[in-house]
Number of protein chains: 2
Amino acid sequence: MRTATTAGPVNGGVAGANLGALRSHNTALVLGLLRDAGAEGISRLELAERTGLTPQAVSKITARLRAQGLAAEAGRRASTGGKPRTVLRLVPEAGHAVGVHLDRDELRVVLVDLDGAVVGERRGELDLGAGAEAVLGAVCGAVRGVVGELGADADAGVGTGTGAGAGAGAGIGTGGTGAGGGLAAVGSLLGVGVALPGPLDHVRGVLHRVTGFPEWDGFPLRDALAERLGVPVVVDKDTNAAALGLAVGGEEGAAGRSFAYLHLGTGLGAGLVIDGSVHRGARTGAGEFGHQVIQLDGPVCECGNRGCVEVLCLAAVARGEVAEAARVLGVAAGNLVGLLDIDVVLLGGRTVAGAPQTYVSGVGEVLGVRARREGTGGDAVPVRVAPRGERIVAEGAAQLLLAPLFGRGED
Amino acid sequence: MRTATTAGPVNGGVAGANLGALRSHNTALVLGLLRDAGAEGISRLELAERTGLTPQAVSKITARLRAQGLAAEAGRRASTGGKPRTVLRLVPEAGHAVGVHLDRDELRVVLVDLDGAVVGERRGELDLGAGAEAVLGAVCGAVRGVVGELGADADAGVGTGTGAGAGAGAGIGTGGTGAGGGLAAVGSLLGVGVALPGPLDHVRGVLHRVTGFPEWDGFPLRDALAERLGVPVVVDKDTNAAALGLAVGGEEGAAGRSFAYLHLGTGLGAGLVIDGSVHRGARTGAGEFGHQVIQLDGPVCECGNRGCVEVLCLAAVARGEVAEAARVLGVAAGNLVGLLDIDVVLLGGRTVAGAPQTYVSGVGEVLGVRARREGTGGDAVPVRVAPRGERIVAEGAAQLLLAPLFGRGED
DNA sequence: CCACTTTGGCAACAGTGTTGCGGAAGTGCA
DNA sequence: TGCACTTCCGCAACACTGTTGCCAAAGTGG
């Protein structure tokens, strides 16, 4: 929960909650349920049941949301013997966010609405080693491109007031440098989320290292982009962004409150969602799954250790032994499942995409053996291929801006 | 955050917050800071700074706490040029909880006050295989023993009102069975926490298995004890209880918001504290650290897998190779640290107690190598011996009842 | 057409944290 | 000794939350 009007606590302790925080919390909760309901919509009374709030409180909150243009009435349900329930739904066009997936050799930029639906996209090749100026230029260009598609149509965005407690910081650096000026003029644009590989500081938005590209060490990516674009920017690891995207858009939704997203591509990493929130750790270092040691004194990994999953798994892939790669991945996934008692394992990445069924059944087999030995009550943890394929990272990056509005995915 | 007056949400979703929940939250927060301040105390203004609440709000909250007998004024600070700050402190005698550590061959029962200080203790040998009746009888006898020491002195306990929102459920089954009747008459007794090894359901208080004692499968321990004793009972795994106890009483305190407690005794398990709360997972299965596989196709473990840390580590101990055991433990700890990005690793258990320095340096060495390869900003995760030795599990069990009052350690 | 059920808004209410202000209790200086 | 100043902290009025009691609206079913 966030304090709205008052400054937060000094010492990183748990924050006290005032009335502003209370409203923010409940508003975000309702907004989240509206989003989860999708086009089908949800009635006020159902919102009351789900939140535990009284129907009257929900009425007040939704009235505020309708006045702000974030929600609208959308038909009514069948009657059950009395006045039929009025269905409410989110107004997707009331807000937008940009998601940027910055990969080693590729750039993908998506524009999503409040619903999380992709309404614009740009793709292109990119050389992360071409220098900061070139990369930033390419990113800014692509972002301006997708946002431009919104056009004057977007000015019907979020109405008066300060949105739903997310802090109205859209005016940052309107007089920024670079060609094209700020994007703050587009009222419904909440900001830009950037996802990229390698360790970084999510809170400060500073890169630590990008494996293979030492020139990025310590680069303050968030501030650099925020200044050029004139809108808020959030930076995160690609696996965390993907996990966030899956946590939000999940058909798993209510079922899988805790899951791990395992990404097997040129490397092996994980994004963890625990109790509905992305777990990053104090230094944004969580999810280092690939360098988990599962073979003492095994083959040397580039990280310096021996017997990391990544080196074992990728070596098996290189030898063409996909089933063995899946088994190795399954053992590491089993360790993770046992440690955290998560609900679902989702697999993604280019390598998995090459033989999805093999990986799903291979990992599932290992987890199944694990569950059987636990005995009563221990159904096997399900393994699935992560939906929405390659675009999930960019979509999740956009959710870095949207999630705070809906009260999930972030603390 | 808990809803106080209203019933919670239906579908296990995130709860909406009403004014009662707001008060509960802030009261618990203040109470927690009072406890952390200990005998030294803390002033109202400092409470305001730490919580982010206004001084006036803190005044109101502390006035309520003083009226309830939970807090009291305790001298004043040195002046800094004006009226000196009045120091407040917790009144430890206002509440008590019992912690029970039920081990395979031993029983330990402690009585602690609100401060967490042990004010009474019973120890004795116990055979977990002697049957439910005998074990429950021994536990109830020991609990009545330590609580009896409180005597009539305890009736000065929590004043009027319903405490701090923890739900006044102390009246359960006052007309219970068994000799001695209920303990509900002792006003300041919040309940009994029980910690024991083996998988169990923390929410329902039902045991799954206790390795080596199949007769306990599916036993509803919480309800059985609650009926006999007439006070609320909470059940948890021993490692989780220990972790909770360390999270609460920690000199680490503010520093270590996330840590792992690794327990090496007759088995190997872990308790995880993430962002200040014990992580149990949906099925109370989290922390299965011992059966993490770190050697593919290694020696067979009793769990059915091959190459579990537990079997490797304990085999090394049996061979007398303590340094090797520590290295193996360190590798597994490194996997954990990398996955969760935790702040501290604490070691405990009888085996560790036999050669603490060897384990601390052995595990620390592995983690140090890990940190060095991460490069900039990556100080090694510190490794320490868990303080308070063998009694930490029983103390932590008592904290299962106290923690909800203070707004930490539980969700 | 009427009785009944169900929804959902209006008004009054209880209780939160917040703001404005003033008394209390010290220090520091003339 | 007296006075100005600083700081702490509580009282009273306030703004805002969610809650309760009540009633109009909008359906169904006889």
Side-chain angles (χ1 to χ4, degrees), chain A residues 1-9 15-30 41-49 51-67 71 73 75-88 161-162 164-165, chain B residues 1 3-7 9 15-30 41-49 51-67 71 73 75-88 161-162 164-165:
Chain A
M1 185 174 281
R2 229 169 307 267
T3 46
T5 55
T6 314
N18 53 22
L19 287 174
L22 187 73
R23 181 180 53 187
S24 268
H25 177 82
N26 287 341
T27 304
L29 215 59
V30 168
I42 185 170
S43 73
R44 289 177 181 79
L45 279 172
E46 209 172 339
L47 287 170
E49 284 175 24
T51 57
L53 297 172
T54 59
Q56 191 56 240
V58 171
S59 271
K60 281 189 180 180
I61 292 170
T62 55
R64 214 163 46 215
L65 290 176
R66 284 190 298 154
E73 297 194 343
R76 34 189 58 180
R77 289 269 165 76
S79 168
T80 62
K83 177 176 177 177
R85 300 184 173 185
T86 311
V87 171
L88 300 174
T162 61
Chain B
M1 187 173 279
T3 46
T5 55
T6 314
N18 54 20
L19 287 174
L22 188 72
R23 181 180 54 186
S24 268
H25 178 82
N26 287 341
T27 303
L29 214 60
V30 168
I42 186 171
S43 73
R44 290 176 180 80
L45 280 171
E46 209 172 340
L47 286 171
E49 284 175 25
T51 57
L53 297 172
T54 59
Q56 192 55 239
V58 172
S59 271
K60 282 190 181 179
I61 293 169
T62 54
R64 215 163 45 215
L65 290 176
R66 283 191 298 155
E73 296 194 343
R76 31 189 61 179
R77 288 268 165 75
S79 167
T80 61
K83 178 176 177 179
R85 301 185 172 183
T86 311
V87 171
L88 300 174
T162 61

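Excluded from the calculations below are hydrogen atoms, water molecules and symmetry mates; all remaining heavy atoms, backbone and side chain alike, are included. Each chain gets a letter, A, B and so on, in the order its sequence line appears, and its residues count up from 1.
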Could you list, one pair per line, each protein nitrogen or oxygen that sits under 3.5 Å from a nitrogen or oxygen of nucleotides 11-15 of chain D, together with the distance?
residue, atom, partner, partner atom, Å
D:dC11, N4, B:Gln56, OE1, 3.4
D:dC11, N4, B:Gln56, NE2, 2.6

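- Rounded to an integer number of Å, the gap from A:Ile61 CD1 to D:dC16 P is 16 Å.
- Rounded to whole Å, atom C1' of D:dG18 lies 11 Å from atom CZ of A:Arg64.
- Within the 4.0 Å cut-off from OP1 or OP2 of D:dT17, not a single side-chain nitrogen or oxygen of B:Asn18 is found.
- Every pair passing side-chain hydrogen bond (donor to acceptor under 3.5 Å, both in side chains) that includes a residue from residues 55-64 of chain A is listed here, sequence neighbours excluded: A:Thr27-A:Arg64.
- For the OP1/OP2 pair of D:dG18 and a distance below 4.0 Å, the side-chain nitrogens and oxygens of A:Thr54 include no atom meeting the criterion.
- Among all heavy-atom pairs drawn from B:Gly81 and B:Ser79, the shortest one is N-OG, 3.0 Å.
- Residues B:Pro84 and B:Ala78 share a closest heavy-atom pair of CB-C, 4.4 Å.
- With contacts defined as side-chain heavy-atom distances shorter than 4.5 Å, the pair A:Leu53/A:Ile61 qualifies.
- Residue B:Asn26 places at least one side-chain N or O closer than 4.0 Å to OP1 or OP2 of C:dG17.
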Check the pair B:Val87 / B:Ile42 against side chain to side chain contact (heavy atoms under 4.5 Å, CB included), numbers first and verdict last. CA-CA 5 Å; B:Val87 171; B:Ile42 186 171; 5.9 Å; no
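- Mapped onto DNA chain C by nearest heavy atom, B:Arg76 and A:Arg44 fall at different nucleotides, with A:Arg44 at the one closer to the 5' end.
- Partners of B:Arg44 by salt bridge (Lys or Arg N to Asp or Glu O under 4.0 Å), not counting sequence neighbours, listed by chain and number: B:Glu73.
- Note: NE2 (A:His25) to P (C:dT16) measures 18 Å, nearest angstrom.
- Residues passing the salt bridge (Lys or Arg N to Asp or Glu O under 4.0 Å) test with B:Arg77 are B:Glu46, sequence neighbours excluded.
- Nearest heavy atom pair, residue B:Thr54 against residue B:Ala48, reads C-CB, 4.1 Å.
- Taken from OG1 in A:Thr51 to NE2 in A:His25, the straight-line distance is 9.0 Å, to the nearest 0.5 Å.
- One can place CD of B:Glu73 at 16 Å from P of C:dA24, the figure rounded to the nearest angstrom.
- You'll find the side chain of A:Leu22 reaches within 4.5 Å of the side chain of B:Leu19, heavy atoms only.
- Atom CG of A:Leu29 and atom P of D:dT17 are 16 Å apart (whole Å).
- Where A:Thr86 and B:Pro55 each meet DNA chain C at their nearest nucleotide, the meeting point lying more 5' is that of A:Thr86.
- In this structure, B:Leu53 atom CG and C:dT18 atom P are separated by 6 Å, rounded to whole Å.
- In this structure, CG in B:Leu29 is found 9.5 Å from CG in B:Leu47, a value given to the nearest 0.5 Å.
- One can place CG of B:Leu22 at 15 Å from C1' of D:dT19, the figure rounded to the nearest angstrom.
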Distances under 3.5 Å between protein N/O atoms and the N/O atoms of nucleotides 3-6 of chain C, please, pair by pair.
residue, atom, partner, partner atom, Å
C:dT5, O2, A:Gly81, O, 3.3
C:dT6, O2, A:Lys83, N, 3.0

Under the side chain to side chain contact (heavy atoms under 4.5 Å, CB included) criterion, do B:Leu65 and B:Val30 qualify, and how do the steps go? CA-CA 9 Å; B:Leu65 290 176; B:Val30 168; 4.0 Å; yes
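- Between its two ends, the helix from C:dC1-D:dG30 to C:dA30-D:dT1 turns its axis by 0°, counting five pairs per end and rounding to 10 degrees.
- For the pair B:Arg77 CZ and C:dT27 P, the computed distance is 16 Å after rounding to whole Å.
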